[in-house]
Amino acid sequence: MNKYFPFLLAFTFAIIVTGCSKDNMEPAPEKIPFQKMAEGFATGAGIKVELYAKKAFTTGYNSIYLALYDSLSGKPLENAQIHLQPMMDMGTMKHSSPVEQPAGNADNKLFPAAAVFTMPSGEMGRWTLNVHISLHGKQGQAALPVVVTAPAVARLKSFVSKADNAKFIVAYIQPEAPKVGVNDLEIAVYKAKNMMEFPADSSLTISLTPEMPTMGHGSPNNAAPVHTAQGHYKGKANFTMTGLWYLHLGFKAGSAMADETTYFEVNF
């Protein structure tokens with residue numbers, strides 16, 4: 001017998017075993033460049049749901065990303081009907097919060113959406129993000145527990161309109177990293193219809209007045225936010241130096257002043 005036969009036999013066996021192992025492996029999960037915040041199964045639809053975000057959740061506007069996988073094959077799913085409902089359980093009562101629903105088709109295997117959490121998790125209550133999924137006639141729901149903290153600087157305000165007593169929620173979105181000079185400014189406005197419904201609002205006219213309180217001056221070349229889509233209003237804020245700034249916002253409903261007390265702090 002050839003003296004190399006045992007080595008050839010072992011090598012061939014290793015190739016066969018390795019090849020069979022690869023063939024039988026489930027697809028490797030896609031590498032997603034965000035933090036995984038929670039996961040669960042929408043059992044009726046046979047779908048695994050993973051929830052991702054760029055950073056930990058805080059009260060205010062949070063961009064979120066959903067990844068869906070066939071629960072048997074592990075294959076990523078790139079289209080489905082998805083409906084999100086954040087739910088705060090306070091024991092004696094429950095309420096939802098504003099949310100931006102994902103589109104039916106994924107973008108690079110992720111379904112972008114947004115949730116506006118209106119209070120932090122803690123002794124007062126706990127948040128769950130309910131994910132309702134419908135695909136190929138099957139339906140299921142995953143209940144994903146999430147933790148929400150209060151940010152160092154408030155990024156969510158509310159007011160009751162002096163014009164008609166309607167309650168509005170205002171979420172600060174950007175600038176996330178302010179700089180000296182003209183910055184893109186974006187906020188989102190929602191109407192609190194009841195405890196469960198918070199439709200995006202496009203009806204308001206907004207004015208903007210930046211103020212640097214410690215220096216006693218404002219700034220030129222600002223642009224008041226105007227509505228673009230889904231309750232988002234975009235404008236320009238000019239910070240002429242570093243330090244603490246107040247962004248004073250005035251809201252008009254038609255010709256009537258609805259609120260002129262809301263402001264966001266920007267400190268950099």
Would you mind reporting whether [Y] and [X] have side-chain heavy atoms less than 4.5 Å apart?
| X | Y | answer |
| --- | --- | --- |
| Met93 | Met195 | yes |
| Pro210 | Tyr246 | no |
| Val153 | Asn267 | no |
| Leu77 | Tyr69 | no |
| Asn130 | Leu84 | no |
| Leu66 | Leu51 | yes |
| His217 | Glu211 | no |
| Pro120 | Thr149 | no |

Ignoring hydrogens and angles, tell me if any N or O in the side chain of [X] forms a donor-acceptor pair with the backbone of [Y] under 3.5 Å.
| X | Y | result |
| --- | --- | --- |
| Asp70 | Ser73 | yes |
| Thr262 | Leu249 | no |
| Asp259 | Ser161 | no |
| Ser121 | Arg126 | no |
| Trp245 | Gly218 | no |
| Asn108 | Ala106 | no |
| Tyr190 | Val99 | no |
| Asn238 | Pro220 | yes |

State, to 0.1 Å, how close [X] and [Y] come at their nearest heavy-atom pair, and which atoms those are.
| X | Y | value |
| --- | --- | --- |
| Pro112 | Leu110 | CD-O, 3.3 Å |
| Met119 | Trp127 | O-NE1, 2.7 Å |
| Ala253 | Ala163 | CB-CB, 4.2 Å |
| Pro151 | Arg155 | CG-N, 4.3 Å |
| Thr59 | Ala150 | OG1-CA, 4.0 Å |
| Phe117 | Pro86 | CE2-CB, 4.2 Å |

Could you label the plane-to-plane angle of the Tyr263 and His248 rings as parallel, tilted or perpendicular, counting under 30° as parallel and over 60° as perpendicular?
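Ring orientation, 0 to 90° scale: tilted.
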More than 12 heavy atoms from other groups under 6.0 Å of [atom1] on [X]:
| X | atom1 | result |
| --- | --- | --- |
| Lys54 | NZ | no |
| Lys162 | NZ | yes |
| Met124 | CE | no |
| Met215 | CE | no |

Stepwise ring pair (Phe, Tyr, Trp, His ring centres under 6.0 Å) test for Phe111 and Tyr65
CA-CA 5 Å; Phe111 294 85; Tyr65 304 87; over 10 Å; no
inquiry  = Rounded to the nearest 0.5 Å, what separates atom NZ in Lys234 from atom CG in Leu185?
reply    =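 Spacing of NZ (Lys234) from CG (Leu185) equals 11.0 Å.
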Note to self: For Tyr61 and His232, I'd like to know if the aromatic rings sit close, meaning centre-to-centre distance below 6.0 Å.
What the structure shows: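 Centroid distance Tyr61-His232: below 6.0 Å, so yes.
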**Prompt:** Ile187, Leu208: one ILVMFWY side-chain cluster at the under-4.5 Å cut-off?
**Reply:**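 Looking at the clustering, Leu208 is in the same group as Ile187.
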Report task. Determine whether Leu244 and Phe239 fall in the same hydrophobic cluster, where Ile, Leu, Val, Met, Phe, Trp and Tyr are linked whenever their side-chain heavy atoms lie under 4.5 Å apart. Result ->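 Shared cluster, no.
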request  = Please test Tyr233 against Thr205 for side-chain contact (heavy atoms from CB on, under 4.5 Å), starting from the C-alpha separation and ending with a verdict.
outcome  = CA-CA 10 Å; Tyr233 292 74; Thr205 301; over 6 Å; no
Would Lys157 and Phe264 count as a cation-pi pair here, with the cationic atom under 6.0 angstrom from the ring centre and within 45° of the axis?
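Yes, a cation-pi geometry holds between Lys157 and Phe264.
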Before you tell me yes or no, could you show the steps for Gln101 and Gln230 under side-chain contact (heavy atoms from CB on, under 4.5 Å), namely the whole-Å CA-CA distance, both residues' side-chain angles and the distance that decides it to 0.1 Å? CA-CA 10 Å; Gln101 302 294 341; Gln230 298 187 70; over 6 Å; no
Are Ile206 and Val226 close enough, and set up right, to give a side-chain contact (heavy atoms from CB on, under 4.5 Å), and what steps lead you there? CA-CA 7 Å; Ile206 303 177; Val226 296; over 6 Å; no
**Report entry** Residues Val146, Thr128; criterion side-chain contact (heavy atoms from CB on, under 4.5 Å); working and verdict
**Finding:** CA-CA 6 Å; Val146 296; Thr128 299; over 6 Å; no
Query - salt bridge (charged side-chain N to carboxylate O under 4.0 Å, His left out) assessment of Lys236 paired with Asp184 - result: CA-CA 5 Å; Lys236 301 285 185 183; Asp184 291 331; 2.3 Å; yes
Please tabulate, for side-chain N and O atoms in residues 168-183, each donor-acceptor pair with protein atoms closer than 3.5 Å (sequence neighbours left out).
residue	atom	partner	partner atom	Å
Tyr172	OH	Pro175	O	2.6
Gln174	NE2	Glu186	OE1	3.1
Lys179	NZ	Val182	O	3.1
Asn183	OD1	Lys179	N	3.0
Asn183	ND2	Lys179	O	2.9
Asn183	ND2	Gly181	O	2.8

